[in-house]
Amino acid sequence: MDSLIGAATQALAGQGQGHGGSGPDWVGIVSGLLANGSAQGGLGGLLKQLEGAGLGEQVQSWVGHGANQPVSGDQLSAALGGDLMSQLAGQAGVSHAEAGSQLSQMLPEIINMLTPHGEVPAAGAGGLGDMGELASLLGGLLKKA
């Protein structure tokens with residue numbers, strides 16, 4: 001599982017870079033959101049936060065089998081909160097709207113890749129691990145995407 005996350009973020013991060021490869025570190029930013037020690041409580045905590053903000057249908061489509069339902073940057077901003085989105089935008093060096101837009105494209109794909117069996121991995125039981133493991137896994141996932 002750890003080798004899956006690294007690939008996912010770099011492939012999607014490459015799609016989001018319009019500046020000849022010197023764009024934001026989306027792998028690090030997304031890893032920070034999904035890591036077990038994050039303020040969001042890892043992948044499970046992040047998904048619960050999104051579901052609690054009215055995005056349950058979308059989240060279930062990302063985790064389950066079948067097509068991923070889209071989510072807008074505005075929906076993610078509302079679900080994650082302005083403070084967190086401002087922090088993420090600052091880390092990426094982009095506007096609040098651009099951060100929301102990038103995350104709205106990346107999160108459904110990454111979450112889909114991290115839950116290939118339609119279930120969220122349990123933390124500490126072959127789950128997503130710490131931020132270093134997560135970044136490595138996301139980098140690998142995104143290269144394959």
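Just so you know, these numbers use all the heavy atoms, side chains as well, and skip hydrogens, waters and symmetry mates. Heads up: numbering here begins at 1 and tracks the sequence.
Counting heavy atoms from C-beta outward, Gln58 and Pro70 have side chains that stay 4.5 Å or more apart. The shortest side-chain heavy-atom distance between Ile110 and Leu34 falls under the 4.5 Å cut-off. A 4.5 Å side-chain heavy-atom check between Leu33 and Leu88 finds at least one atom pair inside the cut-off.
Between atom CE of residue Met113 and atom CH2 of residue Trp62 there is a gap of 13.5 Å, rounded to the nearest 0.5 Å. Separating the NE2 atom in His96 from the OG atom in Ser101 is a distance of 12.5 Å, to the nearest 0.5 Å. The CG atom of Leu46 sits 5.5 Å away from the CD1 atom of Ile111 when rounded to the nearest 0.5 Å.
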Pair Val59-Lys48, side chain to side chain contact (heavy atoms under 4.5 Å, CB included): steps then yes or no
CA-CA 9 Å; Val59 167; Lys48 284 180 184 172; over 6 Å; no

Worked verdict on Val63 versus Glu119 for side chain to side chain contact (heavy atoms under 4.5 Å, CB included)
CA-CA 6 Å; Val63 172; Glu119 296 180 13; 5.7 Å; no

Evaluate Leu107 against Val71 for side chain to side chain contact (heavy atoms under 4.5 Å, CB included), listing each step before the verdict.
CA-CA 9 Å; Leu107 281 180; Val71 64; over 6 Å; no

Where do Thr115 and Leu43 land on the side chain to side chain contact (heavy atoms under 4.5 Å, CB included) test, with the steps shown first?
CA-CA 10 Å; Thr115 57; Leu43 177 60; 4.2 Å; yes

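Scanning for side-chain hydrogen bond (donor to acceptor under 3.5 Å, both in side chains) contacts around Glu51 gives Gln60, with sequence neighbours left out.
Closest approach of Ala92 to Ile29, counting heavy atoms only: CB-CD1, 3.5 Å. Closest of all the heavy-atom pairs between Pro24 and Val94 is CG-CG1, 3.9 Å.
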All N/O donor-acceptor pairs, side-chain side in residues 73-82, below 3.5 Å, sequence neighbours left out:
unit_1: Gln75; atom_1: OE1; unit_2: Ser72; atom_2: N; d: 2.8
unit_1: Gln75; atom_1: OE1; unit_2: Ser72; atom_2: OG; d: 3.4
unit_1: Ser77; atom_1: OG; unit_2: Gly73; atom_2: O; d: 3.0

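For the 3.5 Å distance criterion, the side chains of Glu109 and Gln105 fail to qualify, holding no donor opposite an acceptor.
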